[in-house]
Amino acid sequence: MPATVFLALAALTLVSAGIVAFSKNIIYSTLGLLGTFLGIAGLYVTLSADFLSAVQILVYVGGTLTLILFAVMLTARIDKMKVSNPSGGIVPAFVLVALLLVALGTVAAQTAWPSEARPVMPSTAKLGHAFLGEYLLPFELGSIVLLGAMIGSVVLARRAVKRSWEKG
Amino acid sequence: MNSIPLEYFLLVAALLFVIGAVGFLLRRNLLVLLMSIELMLNATNLTLVAYNRFRPENHAGQIFAFFVIAVAAAEAAVGLAIVLAFFRVRRTIRSDDADLLRN
């Protein structure tokens with residue numbers, strides 16, 4: 001049973017990722033991204049990371065994906081989009097990436113990982129204590145980063161409108 | 001309880017990362033580039049959480065994944081704002097057209 005669930009979630013994740021990377025229609029790419037995020041959230045559940053799975057759905061599906069959809073609707077000419085640049089770079093890209101995959105696969109297969117998983121334990125309370133204890137400084141720095149990103153994206157994306165009281 | 005070995009999760013994450021890398025290298029649409037970056041960050045997160053499943057003493061892997069998610073959200077917001085500003089200037093989102101500094 002766990003194997004079936006894992007295989008289904010992995011297939012959902014990887015097929016949707018393939019749609020994201022190779023679809024000619026950018027709407028399909030965006031919907032593929034939805035499948036990938038949901039598949040990853042499911043894989044988190046099988047890894048007993050319950051709180052992180054909820055965060056994944058909230059942040060990625062609720063936030064990032066909505067943002068990307070807005071950007072798609074605001075910018076893209078959806079009908080005509082070429083998959084890749086024909087003027088080169090495809091073969092080196094595939095060679096580079098195949099080498100990367102071989103390296104990662106070799107490491108994953110040959111390292112002696114701990115074979116049995118630890119017993120499942122709830123993670124939410126421990127994560128909360130860790131964030132407000134040991135990891136307090138990175139936590140607050142993260143909120144500053146998010147605030148800076150919010151202000152920065154508003155400044156970048158706004159239209160440069162000149163008010164009547166502005167000079168020059 | 002969990003009979004799936006760690007290697008399988010690592011393999012799925014590696015494949016996801018590679019798909020994201022191929023998309024990032026081949027596509028010329030700025031929005032698809034950003035989506036490919038999200039794919040690669042998700043693959044990294046999956047690796048971290050899988051490690052955490054097998055060494056869950058202090059949940060360091062999950063906490064690291066949280067910070068990755070936070071930075072990824074910031075990156076997506078700023079990146080999309082840059083794409084929008086670029087579209088205002090050039091009326092396109094092909095990354096090949098971002099060549100103002102070239103000539």
Side-chain angles (χ1 to χ4, degrees), chain A residues 2-3 6 10 13-14 17-18 20-21 26 29 33 36 40 43-44 46-49 52 55 59 63-64 67-68 71-72 74-76 81-85 89-90 93 97 100-101 104-105 108-109 113-115 117-118 120-121 123 126-127 130 135 138 142 145-146 149-150 152-153 156-157, chain B residues 1-12 14-23 25-29 31-32 34-36 38-39 42 45-46 49-50 52-56 58-59 62-63 65-67 69-74 76-78 80-85 87-88 93 96:
Chain A
F6 171 78
T13 308
L14 292 177
V20 173
I26 196 166
S29 287
L33 205 59
T36 309
I40 293 273
L43 285 174
Y44 286 168
T46 66
L47 286 166
S48 77
L52 198 61
V55 166
V59 172
T64 307
L67 212 61
I68 289 178
V72 167
L74 282 174
T75 59
M81 198 170 83
K82 281 198 280 187
V83 168
S84 67
N85 187 1
I90 294 179
V97 166
L100 176 68
L101 182 60
L104 287 175
W113 305 109
S115 57
R118 307 300 173 85
V120 178
M121 55 175 101
S123 61
K126 286 188 78 173
L127 285 176
Y135 296 92
V145 165
L146 285 174
M150 191 172 73
S153 51
L156 278 172
Chain B
M1 174 63 200
N2 193 347
S3 62
I4 312 288
L6 179 58
E7 290 89 337
Y8 290 90
F9 287 101
L10 295 183
L11 201 62
V12 170
L15 280 170
L16 191 61
F17 189 91
V18 161
I19 290 172
V22 169
L25 290 173
L26 286 188
R27 303 300 295 270
R28 290 295 182 269
N29 185 308
L31 289 172
V32 180
L34 283 175
M35 292 185 209
S36 301
E38 296 294 333
L39 287 187
N42 267 291
N45 272 346
L46 184 57
V49 178
N52 189 96
R53 178 71 186 87
F54 289 80
R55 292 238 181 255
N58 49 7
H59 285 94
Q62 289 193 26
I63 286 166
F66 270 107
F67 290 123
I69 286 178
V71 174
V78 175
L80 290 170
I82 290 174
V83 171
L84 221 60
F87 180 74
R88 288 230 178 84
I93 51 169
D96 288 339

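Values reported hereafter were calculated over all heavy atoms of this structure, with side chains retained and with hydrogens, waters and symmetry mates removed. Each chain gets a letter, A, B and so on, in the order its sequence line appears, and its residues count up from 1.
Note that CD1 of B/Ile69 and CG of A/Leu52 are 5.0 Å apart. Values are rounded to the nearest 0.5 Å. Note that CD1 of B/Ile4 and CZ of A/Phe6 are 6.0 Å apart. Values are rounded to the nearest 0.5 Å. The distance from atom CZ of B/Phe9 to atom CG of A/Leu47, rounded to the nearest 0.5 Å, is 4.0 Å. Put simply, OG1 on A/Thr64 and CE on B/Met35 are 11.5 Å apart, with the number rounded to the nearest 0.5 Å. Rounding to the nearest 0.5 Å places OG of A/Ser123 at 8.0 Å from CG of B/Asn52.
Note on B/Leu84, B/Ile19, B/Leu25: by heavy-atom pairs under 4.5 Å with chain A, the leading option is B/Ile19. Considering only heavy-atom pairs separated by less than 4.5 Å from chain B, the leading option among A/Leu14, A/Val145, A/Leu104 is A/Leu14.
In this structure, B/Phe67 places its CZ atom where more than 12 heavy-atom neighbours from other residues, nucleotides or ligands lie under 6.0 Å away.
Under the ring pair (Phe, Tyr, Trp, His ring centres under 6.0 Å) criterion, A/Tyr44 pairs with no residue at all, not counting sequence neighbours.
At a threshold of 4.5 Å between non-hydrogen side-chain atoms, the residues A/Trp113 and B/Pro5 do not count as touching. For the pair B/Arg53 and A/Thr46, the minimum side-chain heavy-atom distance is 4.5 Å or more.
Residue B/Leu39 touches chain A through its side chain alone, counting heavy-atom pairs closer than 4.5 Å. Proximity to chain A (any heavy atom under 4.5 Å) is restricted, for B/Phe17, to the side chain, taken from C-beta onward. With a 4.5 angstrom heavy-atom cutoff, A/Val59 touches chain B only via side-chain atoms. Only the side chain of B/Leu80 comes within less than 4.5 Å of a heavy atom in chain A; its backbone stays farther off. In this structure, chain B has a heavy atom under 4.5 Å from the side chain of A/Val55, while its backbone stays farther away.
Of all heavy-atom pairs spanning B/Ile63 and A/Ala130, the tightest one is CD1-CB, 3.3 Å. Residue B/Glu7 comes nearest to A/Ala108 through the heavy atom pair CG-O, 3.1 Å, listed as atom of the first residue, atom of the second, then distance. B/Gly23 approaches A/Ala21 most closely through the heavy-atom pair CA-CB, 4.0 Å. Closest approach of B/Val12 to A/Ala10, counting heavy atoms only: CG2-CB, 3.7 Å. Heavy-atom minimum distance, B/Val49 versus A/Ala49: CG1-CB, 3.7 Å. Nearest heavy-atom pair, B/Gln62 versus A/Leu127, reported as atom, atom and distance to 0.1 Å: OE1-CD1, 3.4 Å.
When each of A/Ile40, A/Leu43, A/Leu33 is tested with B/Asn42 by the rule side-chain contact (heavy atoms from CB on, under 4.5 Å), just one qualifies, namely A/Ile40.
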